[in-house]
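Notes follow once the structure below has been shown.
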Amino acid sequence: MKIDFSATKLINECTEHLVAVGSFKDGGLSEGGKLLDKVLNGMISKSMQSLDFKGKIGDAIHIKSPENVAFYDVILFGVGEASNCQLDFEKVGAKLGISLSSAADKLFFSEVLAVVDLRGLAADEISLIANGLRLNSWNFDKYFTTEKTKPKRKLKGVKFLCDDPDAVCRFYKPLELVTNGVFLTREVVSEVPNVLYPETFAKIARKELEPLGATVEVLNEDDMASLGMNSLLAVGMGSEKESKLCVIRWLGADNPDAAPVAFVGKGVTFDTGGISIKPANNMHEMKYDMAGGGAVLGLMKALAGRKAKVNAVGVIGLVENMPSGSAQRPGDVVKSMSGQTIECLNTDAEGRMVLADALWYTQDRFSPKFMVNLATLTGAITVALGQEHAGLFSNNDKLSDELTESGKLSGDALWRMPMGDVYDKAINSTVADMKNIGDPGTGGSITAAQFLQRHVNGLPWAHLDIAGMAWADKSRSLCNKGASGFGVRLLDALVEKYYEDK
Ligand code: BES
Ligand code: ZN
Ligand code: ZN
């Protein structure tokens with residue numbers, strides 16, 4: 001979706017196919033709306049009256065335009081009570097995008113451009129509306145080979161009319177760069193598992209991050225074996241694809257030696273369950289079991305893209321969990337990089353085995369201020385929180401509060417879950433230091449978090465279980481059905497609000 005900002009005054013001389021004008025609280029029309037209403041002999045105000053249109057957020061009217069004017073149809077949309085909350089403006093933009101898109105699809109043209117008059121709103125408000133519209137416009141259609149099978153999406157560009165385009169662009173640029181990160185996450189999470197596996201994921205990381213000035217290192221199985229990462233390696237043993245560890249560094253703080261913030265992702269590019277194999281129903285969904293790693297990748301793109309004044313590292317444990325003659329067995333015991341031994345009682349509880357070594361490696365090598373890991377770790381978190389909140393588990397109240405606040409600002413909502421010794425006991429094993437599952441059916445998301453906590457060496461840490469949030473079963477305002485990009489906006493907001501040099 002092409003988005004630009006312009007100060008063109010004469011909305012009635014625009015040559016776009018669709019014209020949208022906003023209506024504010026109490027049904028007042030935007031400046032351009034009033035002008036257009038005159039040109040159209042009161043058509044807009046008459047429609048507003050007859051349909052009792054009050055300009056509530058999300059309300060929209062599609063007005064067919066007479067043929068003797070330069071542009072085609074008019075969309076009147078509600079901006080509502082121009083609230084102070086950033087997220088509300090983004091949601092207005094998303095709803096505007098939905099209205100424009102459905103109007104565009106009804107037009108005769110194969111490609112449709114729209115012009116939206118928002119004069120009267122502040123520069124930051126306009127930029128948020130534009131960003132919300134763009135976030136909503138994303139979709140994954142690379143595998144359709146004909147126009148016939150491809151879902152129709154005619155709207156190709158939106159021009160926003162505003163009083164001061166330069167001021168709007170200044171606000172819009174960082175939002176655009178963070179959204180680029182969200183889109184990268186959505187792309188890799190949507191990518192199919194015969195195309196996306198550890199090696200190709202790492203290639204994408206190099207291609208996307210290096211041009212932005214970030215460094216990308218990729219450790220292979222030999223490198224990880226020398227480091228003693230036997231827990232991560234055990235998960236990938238059954239796969240033909242080589243496991244990798246992707247380490248991305250962005251040094252943006254004034255002091256390049258300042259301790260970094262660290263983000264760690266579960267990158268299981270496909271999770272069959274291994275020898276403890278999953279049922280066939282919906283197994284294909286496990287292509288998104290790398291969404292935690294995908295979020296770390298998108299976040300690093302956002303931070304490097306907008307040149308955030310922070311030192312940040314992103315570590316992604318990349319493996320494919322397959323059953324085969326060389327796969328790990330239930331009952332195997334491995335020694336992780338931390339020196340602790342793990343009895344693997346269920347090869348489908350693999351994410352925690354990957355993260356155990358990725359977390360230990362991260363704290364050992366980088367001594368970060370804190371670590372936040374993201375993982376589609378347990379089905380149980382969706383039972384507990386549905387598709388409304390990701391589970392937040394932490395050993396640190398300050399980090400936990402900062403994350404919760406960032407969740408509210410960004411729309412990537414979090415809900416803190418309990419942890420403690422009583423849950424920790426459940427993963428004690430009879431043959432090793434710990435086992436990789438707790439008691440079946442009891443607090444499965446919490447015992448998984450306890451397992452991770454045993455690998456953070458006491459550092460401030462938070463685990464986000466995003467199993468219910470990474471993939472949206474129904475469309476939401478800022479994202480369509482499918483990969484959500486959850487975590488990128490959240491952690492960018494965390495960095496921006498609490499950890500950047502000012
Ligand atoms: N990748 C799954 C968790 C998952 C489930 C993510 C549904 C997204 C949607 C994870 O590796 C897994 O299989 N967890 C098991 C743990 C169990 C064996 C203790 C689960 O949740 O059933
Ligand atoms: Zn699994
Ligand atoms: Zn998994």
Side-chain angles (χ1 to χ4, degrees), residues 189-190 193 196-198 201 231-232 234-239 241 243 264-295 316-323 327-332 342-358 373-391 393 417 423 426-427 429 434-452 463-473 482-484 486-487:
V189 173
S190 307
L196 192 83
Y197 46 90
F201 187 114
S231 177
L232 183 152
V235 176
M237 257 170 28
S239 169
K241 309 288 187 201
S243 302
V264 179
K266 168 179 174 182
V268 176
T269 58
F270 195 74
D271 181 13
T272 62
I275 296 297
S276 316
I277 198 160
K278 288 182 181 293
N281 266 357
N282 299 328
M283 195 202 271
H284 68 278
E285 290 182 357
M286 285 302 106
K287 74 168 184 175
Y288 74 76
D289 209 21
M290 34 57 68
I316 306 167
L318 293 162
V319 301
E320 186 183 53
N321 188 20
M322 297 291 269
Q328 70 168 334
R329 292 149 289 253
D332 283 3
I342 299 165
E343 181 191 17
C344 172
L345 284 181
N346 188 320
T347 64
D348 196 13
E350 84 299 340
R352 65 199 74 180
M353 293 186 69
V354 172
L355 287 170
D357 279 337
N373 76 255
L374 302 101
T376 47
L377 205 63
T378 64
I381 200 66
T382 317
V383 177
L385 300 176
Q387 298 205 330
E388 306 303 331
H389 293 88
F393 301 82
M417 301 284 286
Y423 295 106
I427 54 168
S429 153
M434 70 196 84
K435 54 186 180 181
N436 76 333
I437 51 171
D439 303 325
T442 46
S445 303
I446 308 175
T447 47
Q450 297 293 157
F451 183 97
L452 299 182
H463 152 54
L464 310 180
D465 193 337
I466 63 169
M469 302 305 289
W471 194 269
D473 287 337
S484 63
F486 187 96

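The figures here come from the full heavy-atom set of this structure, side chains too, leaving out hydrogens, waters and symmetry mates. Start at 1 and go down the list; that is how both ligands and their atoms are numbered. Numbers for residues simply follow the sequence, beginning at 1. Keep in mind that this is a model prediction, so the values were computed, not measured.
Residue side and main chain included, Leu377 places no N/O/S atom under 2.8 Å of the Zn ion (ligand 3). Residue Asp348: no N/O/S atom is found under 2.8 Å from the Zn ion (ligand 3). At a threshold of 2.8 Å, the Zn ion (ligand 2) has a backbone or side-chain N, O or S atom of Glu350 nearer than that distance.
Counting only heavy atoms of the protein, atom 20 (C) of ligand 1 lies nearest to Gly379 N, 3.9 Å. Closest to atom 16 (C) of ligand 1, if we only count protein heavy atoms, is Arg352 NH2, 3.8 Å. Distance from atom 12 (C) of ligand 1 to its nearest protein heavy atom, with residue and atom name: Asp348 O, 3.2 Å. Nearest to atom 11 (O) of ligand 1 among the protein's heavy atoms is Glu350 OE1, 2.8 Å. For atom 18 (C) of ligand 1, the nearest non-hydrogen atom of the protein is Asn346 ND2, 3.4 Å. Closest to atom 14 (N) of ligand 1, if we only count protein heavy atoms, is Leu377 O, 3.5 Å.
At a heavy-atom distance under 4.0 Å, no atom of Glu285 approaches ligand 1.
With a 4.5 Å cut-off on side-chain heavy atoms, Met237 and Val235 do not count as touching.
Considering both main-chain and side-chain atoms, Thr378 never comes within under 3.5 Å of ligand 1 through any nitrogen or oxygen pair.
With the Zn ion (ligand 3) as vertex, Asp271 OD2 and Lys266 NZ subtend 170°, rounded to 10°.
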